[in-house]
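Structure record follows, encoded as structure tokens.
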Amino acid sequence: MSSSSDRKPTPNQLSTHLPGPTAYLTGHNDKSGEAIIHSARPIEWHRYDDDKMAMAVAYTTSFPPDLNEDADVKAHDSKMEASGGKLGLVSGGGTVLRYVDFGPGYTCMMHRTQSVDYGIVLEGQIVSILDSGEEQLMGRGDVMVQRATMHAWRNPSDTKWARMIFCLQDSKALFVAGKRFGEDLGRGTEGIPASGNDA
């Protein structure tokens, strides 16, 4: 077993004091049917907003995923290759598992996606900010279920990076008071393509 101190930063990682994460995919032995580790994939980061935020996609699926003959793995790899690793925040008809690192004192863009997102704090603390002005401080292990709401994230530490992991799940269009609430990526997201699931 490796400790977090010997897990070196993975490609393009900004938060060098945090462990470098790896995505481990399981599968089956074709002859015995027993479970095996299919592959171990170091997380590859992309930097945004003047290197104050980094994101990395660990895995994507469609609804429901086809696990036969590694069809889901092949679909994920094809999607990542076609996009150069820079996907929209949401994958239409499926899920995206995404790491996000936030620099010290950094507040990301106010944004909204057409999705239900499980946002889990892995390292440090994060303040969830809603467009109503409501704020919620979250610590390690806390989860925010974002339901297509306009929101931002702030790292309240002046010295340390914070890390979250998100599972973003495509959702039906949301209407509030007769208005459709589609994707709005806000500022600081240059290089992030539109998800396209709210067309």
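M138 is listed as a side-chain neighbour of M144, based on a closest heavy-atom distance under 4.5 Å. In this structure, the side chains of P19 and R163 come closer than 4.5 Å at one or more pairs of heavy atoms. Taking 4.5 Å as the limit, every side-chain heavy atom of R112 sits out of range of all side-chain heavy atoms of T149. Looking at heavy atoms from C-beta onward, L87 lies in side-chain contact with T60 at the 4.5 angstrom threshold. L130 is listed as a side-chain neighbour of Q146, based on a closest heavy-atom distance under 4.5 Å.
To the nearest 0.5 angstrom, S39 atom OG is 4.0 Å from L25 atom CG. The distance from atom CD of Q169 to atom OG1 of T61, rounded to the nearest 0.5 Å, is 8.5 Å. To the nearest 0.5 angstrom, L168 atom CG is 9.0 Å from T95 atom OG1. Between the CG atom in L67 and the NE2 atom in H28 there is a gap of 8.5 Å [rounded to 0.5 Å].
Scored by the side chain to side chain donor-acceptor pair (under 3.5 Å) test, D70 finds H38 as partners (sequence neighbours excluded). With sequence neighbours left out, R47 forms a salt bridge (charged side-chain N to carboxylate O under 4.0 Å, His left out) with D51.
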For this session: Apply the test side-chain hydrogen bond (donor to acceptor under 3.5 Å, both in side chains) to residues W153 and T107: give CA-CA distance (whole Å), side-chain angles for both, the deciding distance (0.1 Å), then the verdict.
Result: CA-CA 6 Å; W153 305 102; T107 303; over 6 Å; no

Exercise. What's the verdict on side chain to side chain contact (heavy atoms under 4.5 Å, CB included) for W161 and L14, showing C-alpha distance, side-chain angles and the deciding distance?
Worked result: CA-CA 9 Å; W161 282 75; L14 291 165; 3.5 Å; yes

Exercise. Are V73 and Y59 close enough, and set up right, to give a side chain to side chain contact (heavy atoms under 4.5 Å, CB included), and what steps lead you there?
Worked result: CA-CA 9 Å; V73 178; Y59 205 62; 3.4 Å; yes

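Listed for the R7 side chain is no donor-acceptor partner under 3.5 Å among the backbone atoms of T22. Between the side chain of N12 and the backbone N or O of W45, at least one donor-acceptor pair lies under 3.5 Å. Although no hydrogens or angles enter the test, the distance criterion places no donor-acceptor pair under 3.5 Å between the side chain of E123 and the main chain of R140. Within the 3.5 Å criterion, the main-chain N or O of T159 finds a donor-acceptor partner in the side chain of S157.
Listed by first and then second residue, the side-chain hydrogen bond (donor to acceptor under 3.5 Å, both in side chains) pairs that reach into residues 124-139 are E135-R154, sequence neighbours excluded. Residue pairs satisfying the salt bridge (Lys or Arg N to Asp or Glu O under 4.0 Å) criterion with at least one member in residues 73-86, sequence neighbours excluded, are listed as follows: R41-D77.
More than 12 heavy atoms of other residues, nucleotides or ligands lie within 6.0 Å of CG in N29, so this atom counts as buried by the packing criterion. Other residues, nucleotides and ligands contribute over 12 non-hydrogen atoms within 6.0 Å of the CZ atom of R180. Counting non-hydrogen atoms of other residues, nucleotides and ligands closer than 6.0 Å to OH of Y118 gives a total of 12 or fewer.
Hydrophobic side-chain contacts under 4.5 Å tie L137 into a cluster, directly or through other members, with M110, V127, I129, M150. Taking Ile, Leu, Val, Met, Phe, Trp and Tyr as members and joining any whose side-chain heavy atoms lie under 4.5 Å apart, directly or through other members, the hydrophobic cluster of L174 also contains V176, F181.
Residues Y48 and L89 share a single hydrophobic cluster, defined by chaining ILVMFWY side chains whose heavy atoms lie under 4.5 Å apart.
Between the side chains of S171 and S115, no donor-acceptor pair of N or O atoms lies under 3.5 Å. Side-chain atoms of D101 and S15 include a donor-acceptor pair closer than 3.5 Å.
When each of D50, N155, D49 is paired with Y106, the side-chain hydrogen bond (donor to acceptor under 3.5 Å, both in side chains) condition holds for D49 and for no other.
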